[in-house]
Protein chains: 2
Amino acid sequence: MLPNSSTPHTPQECNAAMRPVRDALDLLGGKWKLPIIVGLTGGPLRFKQLQREVAGITAKMLSKELKELEINGLITRYVQADAAPVAVTYTLADYGRTLYPVIEALRLWGQQHRRHIMHPEAAAAEWLNAASA
Amino acid sequence: MLPNSSTPHTPQECNAAMRPVRDALDLLGGKWKLPIIVGLTGGPLRFKQLQREVAGITAKMLSKELKELEINGLITRYVQADAAPVAVTYTLADYGRTLYPVIEALRLWGQQHRRHIMHPEAAAAEWLNAASA
DNA sequence: CCGTATCCTCATCGATACTG
DNA sequence: CAGTATCGATGAGGATACGG
């Protein structure tokens with residue numbers, strides 16, 4: 001839909017088409033969402049473990065981000081109340097893994113872009129050729 | 001690389017793998033980058049035209065964002081000095097269009113996510129089935 | 001027309017101290 | 001251990017006025 005389709009798309013139509021993109025961007029945006037998701041790819045972790053995994057994050061930020069990720073269904077929060085002190089375990093939900101292709105697309109472009117910044121013409125040609133092949 | 005590969009990936013390796021993702025995310029992030037890129041998909045536009053296309057943006061923001069996009073090679077700036085007053089035309093570079101697959105990936109996930117938010121189980125099952133098919 | 005300069009507001013994030 | 005409360009710094013972004 002983004003590349004020129006046969007139907008003439010007005011600015012209004014384009015904005016509508018871009019809304020889901022903004023959604024995804026906002027969900028992955030910010031400083032910590034991605035590191036947290038990555039940190040949980042290796043398996044479930046407790047709060048403190050996860051904080052160690054995501055280097056530099058404060059408890060406040062981790063708590064806040066985890067809440068948002070849970071609301072969006074990307075992760076699961078499990079409270080083991082019988083233990084003392086309480087243990088809380090966070091798991092990357094199956095739904096969270098549906099983000100992998102998106103992250104991979106971003107990673108591929110980002111990798112290519114680093115090359116492009118150093119060797120603009122060469123990298124651009126390589127990229128364009130790969131796309132047409 | 002993101003899904004579990006055969007080689008055990010340490011947090012350090014994961015962070016390294018995520019750096020290009022952060023690059024791409026930062027480039028597309030912010031309030032205006034996307035609308036500007038979309039605004040230029042229809043063809044070259046002059047500054048004022050583009051400002052009208054990107055509803056709500058101020059001249060300051062448009063100028064700043066265009067500078068960043070040009071530095072990254074996504075758009076091209078052409079100054080027609082002989083005209084009075086000067087005419088400046090911005091064009092989405094071929095390289096800028098290499099972002100289309102990335103944007104499309106974001107759009108697909110975002111669209112699916114909107115459905116997921118309303119009908120969690122149904123949408124999740126549908127998505128997972130589609131992935132395995 | 002194409003911007004820049006200046007001032008301002010507000011959300012984000014960090015540091016620290018504290019609670020169940 | 002798993003958070004919350006509070007304060008403060010920083011930076012993105014907006015409003016307005018002005019310059020080339």
Side-chain angles (χ1 to χ4, degrees), chain A residues 15 18 22-40 43-72 74-92, chain B residues 15 18 22-40 43-72 74-92:
Chain A
N15 282 351
M18 284 305 116
R22 169 71 358 93
D23 290 348
L25 235 25
D26 291 345
L27 218 96
L28 251 45
K31 189 171 181 180
W32 299 115
K33 298 278 164 55
L34 210 43
I36 290 174
I37 292 173
V38 171
L40 286 176
L45 287 178
R46 292 174 56 174
F47 188 88
K48 200 74 178 187
Q49 293 176 314
L50 186 51
Q51 188 174 6
R52 269 187 292 269
E53 197 79 4
V54 181
I57 195 171
T58 63
K60 171 190 163 185
M61 274 301 117
L62 183 55
S63 174
K64 184 191 151 227
E65 303 285 65
L66 285 171
K67 234 173 267 177
E68 296 179 24
L69 291 173
E70 193 196 2
I71 287 177
N72 281 283
L74 302 176
I75 65 172
T76 300
R77 182 174 186 268
Y78 171 67
V79 183
Q80 200 165 357
D82 53 346
V86 280
V88 180
T89 305
Y90 292 92
T91 308
L92 185 61
Chain B
N15 282 351
M18 283 306 116
R22 170 68 2 93
D23 290 348
L25 233 26
D26 291 346
L27 217 97
L28 251 47
K31 190 171 179 180
W32 299 115
K33 297 278 163 55
L34 210 43
I36 290 173
I37 292 173
V38 170
L40 286 176
L45 287 178
R46 294 174 55 174
F47 189 86
K48 200 72 179 189
Q49 293 176 313
L50 186 52
Q51 188 173 6
R52 268 188 291 269
E53 197 80 3
V54 180
I57 195 170
T58 63
K60 171 191 164 185
M61 274 301 117
L62 183 55
S63 173
K64 181 188 153 231
E65 304 286 65
L66 285 172
K67 235 174 265 177
E68 296 180 24
L69 291 173
E70 193 197 2
I71 287 176
N72 280 285
L74 302 176
I75 65 171
T76 300
R77 183 174 186 266
Y78 173 67
V79 183
Q80 200 166 356
D82 52 344
V86 282
V88 181
T89 305
Y90 293 92
T91 307
L92 185 61

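Just so we're on the same page: letters track the sequence lines, and every chain starts at 1.
- Residues Leu45(A) and Gly39(A) come closest through the heavy atom pair CD1-O, 3.6 Å.
- Of the side-chain N and O atoms in Arg77(A), one or more sit less than 4.0 angstrom from OP1 or OP2 of dG3(D).
- When every heavy atom of Arg46(A) is checked against every heavy atom of Thr89(A), the shortest pair comes out as CG-OG1, 3.9 Å.
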Are any protein N/O atoms closer than 3.5 Å to N/O atoms in nucleotides 15-20 of chain C? If there are, list each pair with its distance.
none

Check your understanding: Reading DNA chain D 5' to 3', how would its secondary structure be written in dot-bracket notation, given Watson-Crick and G-U pairs with both distances under 3.5 Å, brackets [ ] for crossing pairs and | for partners on other strands?
Key -> ||||||||||||||||||.|

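- Distances shorter than 4.0 Å separate some side-chain N or O of Ser63(B) from OP1 or OP2 on dT4(C).
- Residue Leu69(B) holds its CG atom at 11.0 Å from OG1 of Thr76(B), rounded to the nearest 0.5 Å.
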Which pairs of donor and acceptor atoms, one on a side chain in residues 23-34 of chain A, lie under 3.5 Å apart (sequence neighbours left out)?
unit_1   : atom_1 : unit_2    : atom_2 : d
Asp23(A) : OD2    : Arg114(B) : NE     : 2.6
Asp23(A) : OD2    : Arg114(B) : NH2    : 2.9
Lys33(A) : NZ     : Glu68(A)  : OE1    : 2.9

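- If you check dG13(D), dC13(C), dC1(D) against the side chain of Arg46(A), the one that comes closest is dC1(D).
- Counting to the nearest Å, the P atom of dG3(C) and the CD atom of Gln49(B) are 13 Å from each other.
- If you take CD of Glu65(B) and C1' of dG13(D), they are 9 Å apart, rounded to a whole angstrom.
- In this structure, Ile75(A) and Ile36(A) have side chains that are not in contact, with every pair of non-hydrogen atoms separated by 4.5 Å or more.
- Between the CZ atom of Phe47(B) and the C1' atom of dG19(D) there is a distance of 14 Å, given to the nearest Å.
- If you measure from atom NZ of Lys64(A) to atom C1' of dT12(C), you get 6 Å, rounded to the nearest angstrom.
- Arg52(B) has its side chain within reach of Lys48(B): a pair of non-hydrogen atoms, C-beta onward, lies under 4.5 Å apart.
- Atom-to-atom, CG of Leu62(B) to P of dA12(D) comes out at 17 Å; the value is rounded to the nearest Å.
- Glu70(B) places its CD atom 14 Å from the C1' atom of dG3(C), with the value rounded to the nearest Å.
- In this structure, of dG3(D), dG14(C), dC1(D), it is dG14(C) that holds the atom nearest to the side chain of Met61(A).
- Note: Leu66(B) CG to Tyr90(B) OH = 5.0 Å, rounded to the nearest 0.5 Å.
- Side-chain N/O atoms of Tyr90(B) include one lying less than 4.0 angstrom from OP1 or OP2 on dG3(C).
- Of all non-hydrogen atoms in Ile57(B) and Gln51(B), the two that sit nearest each other are O-NE2, 3.2 Å.
- Scanning both residues, Pro44(B) and Thr91(B), for their nearest heavy atoms gives CB-OG1, 3.6 Å.
- Closest contact between the side chain of Val88(B) and the listed nucleotides dC1(C), dG3(C), dT4(C) involves dG3(C).
- Looking at heavy atoms from C-beta onward, Leu62(B) lies in side-chain contact with Phe47(B) at the 4.5 angstrom threshold.
- Closest approach to the Lys48(B) side chain among dG3(C), dG13(D), dC1(C) is made by dC1(C) (side chain taken as heavy atoms from C-beta onward).
- Between the CG atom of Asp26(B) and the P atom of dA12(D) there is a distance of 11 Å, given to the nearest Å.
- Atoms CG (Leu45(B)) and C1' (dC2(C)) sit 15 Å apart, rounded to a whole Å.
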